[in-house]
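For reference, the structure is listed below as structure tokens.
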Amino acid sequence: MKTSNMGTSDTSSDVGYGKPPKATRFRKGRSGNPKGRQRGDENLLSVFKRMVTKRIKIKEDDRWRTITMADAIILQNYRAALQRDQIAMSNILRLAEESGELVDRTDVRQVGMPMAFPIRSKSMEEFLAQFGRKVGE
């Protein structure tokens, strides 16, 4: 019968959850993902921001204008929507809805009461009654 070394384990060779064997641990100063993203590489959001803020020249009528890429994309969608392109129409409507342009600013149910003109209570008792309090508490 073989004897086990369970009781005589060395602290340097402890293996378990969060303690991989010494031979397979990452060496100090070395990355665990050496072929991963390099320092200074751009992520997707920074590439997108850089591209949409890039300025391009477009010809409008007989003159050239310099606008951002985002402006050019919206302008092209607008022109295509005027030519009855269904996808461009949905893009323009979605953009208008997300920017809040389709909200009826006169409808109190959509916009809410104005902050500058709150409804005043007639007395201190009525004001405190809104919060379930009484004068003197």
Side-chain angles (χ1 to χ4, degrees):
M1 189 160 107
K2 292 185 180 179
T3 61
S4 67
N5 297 352
M6 289 176 84
T8 62
S9 68
D10 188 11
T11 58
S12 64
S13 65
D14 283 343
V15 177
Y17 183 76
K19 298 179 216 164
K22 283 272 190 192
T24 61
R25 290 183 187 175
F26 296 130
R27 288 183 241 142
K28 290 192 186 246
R30 275 268 165 103
S31 170
N33 186 10
K35 293 182 182 176
R37 185 176 73 88
Q38 298 296 315
R39 250 188 211 133
D41 279 357
E42 293 180 298
N43 60 15
L44 185 61
L45 184 61
S46 61
V47 170
F48 178 76
K49 285 181 179 179
R50 182 172 46 83
M51 291 302 293
V52 297
T53 57
K54 186 177 178 180
R55 299 188 69 79
I56 60 170
K57 287 185 178 182
I58 63 166
K59 188 171 185 177
E60 200 170 67
D61 296 328
D62 286 334
R63 59 184 201 126
W64 289 90
R65 267 183 24 175
T66 303
I67 61 175
T68 64
M69 184 81 72
D71 291 339
I73 291 169
I74 292 171
L75 185 62
Q76 288 289 48
N77 266 286
Y78 181 71
R79 287 178 180 163
L82 291 176
Q83 298 297 321
R84 297 188 177 139
D85 182 354
Q86 296 294 319
I87 296 172
M89 284 181 194
S90 68
N91 287 343
I92 293 295
L93 288 174
R94 188 171 353 119
L95 184 63
E97 183 178 7
E98 288 180 10
S99 65
E101 290 298 317
L102 300 180
V103 174
D104 182 10
R105 303 217 189 286
T106 60
D107 186 9
V108 177
R109 287 176 285 152
Q110 288 186 16
V111 180
M113 295 298 291
M115 294 282 295
F117 306 106
I119 297 173
R120 294 183 179 229
S121 298
K122 293 183 180 177
S123 66
M124 182 61 84
E125 289 84 14
E126 287 180 7
F127 176 75
L128 291 174
Q130 290 177 347
F131 304 104
R133 312 266 327 251
K134 293 180 182 176
V135 178
E137 285 184 357

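Leu75 is listed as a side-chain neighbour of Ile58, based on a closest heavy-atom distance under 4.5 Å.
Taking each heavy atom of Met51 and Met69 in turn, the nearest pair found is O-CB, 3.3 Å. Residues Ala72 and Ile56 approach most closely at CB-CD1, 3.7 Å, considering heavy atoms. Thr53 approaches Arg50 most closely through the heavy-atom pair OG1-O, 3.2 Å. In terms of heavy atoms, Ala81 sits closest to Ala88 at N-CB, 3.6 Å.
Note: Asn91 CG to Ile74 CD1 = 10.5 Å, rounded to the nearest 0.5 Å. In this structure, NZ on Lys19 lies 9.0 Å from CZ on Arg25, to the nearest 0.5 angstrom. Taking NZ from Lys54 and OG1 from Thr68, the interatomic distance works out to 12.5 Å, rounded to the nearest 0.5 Å. Taken from CD in Glu97 to CG in Leu93, the straight-line distance is 8.5 Å, to the nearest 0.5 Å. Arg65 contributes atom CZ, which lies 8.0 Å from atom CG of Asp71 (distance to the nearest 0.5 angstrom). To the nearest 0.5 angstrom, Leu44 atom CG is 9.0 Å from Phe48 atom CZ.
A continuous path of hydrophobic side-chain contacts links Val135 to Phe131 [ILVMFWY only; heavy atoms under 4.5 Å]. Linking ILVMFWY residues whenever their side-chain heavy atoms come closer than 4.5 Å, directly or via other members, places Leu82 and Ile92 in the same cluster.
Other residues, nucleotides and ligands contribute at most 12 non-hydrogen atoms within 6.0 Å of the CD1 atom of Ile87. The environment of CD in Glu60 is crowded: more than 12 heavy-atom neighbours from other residues, nucleotides or ligands sit within 6.0 Å.
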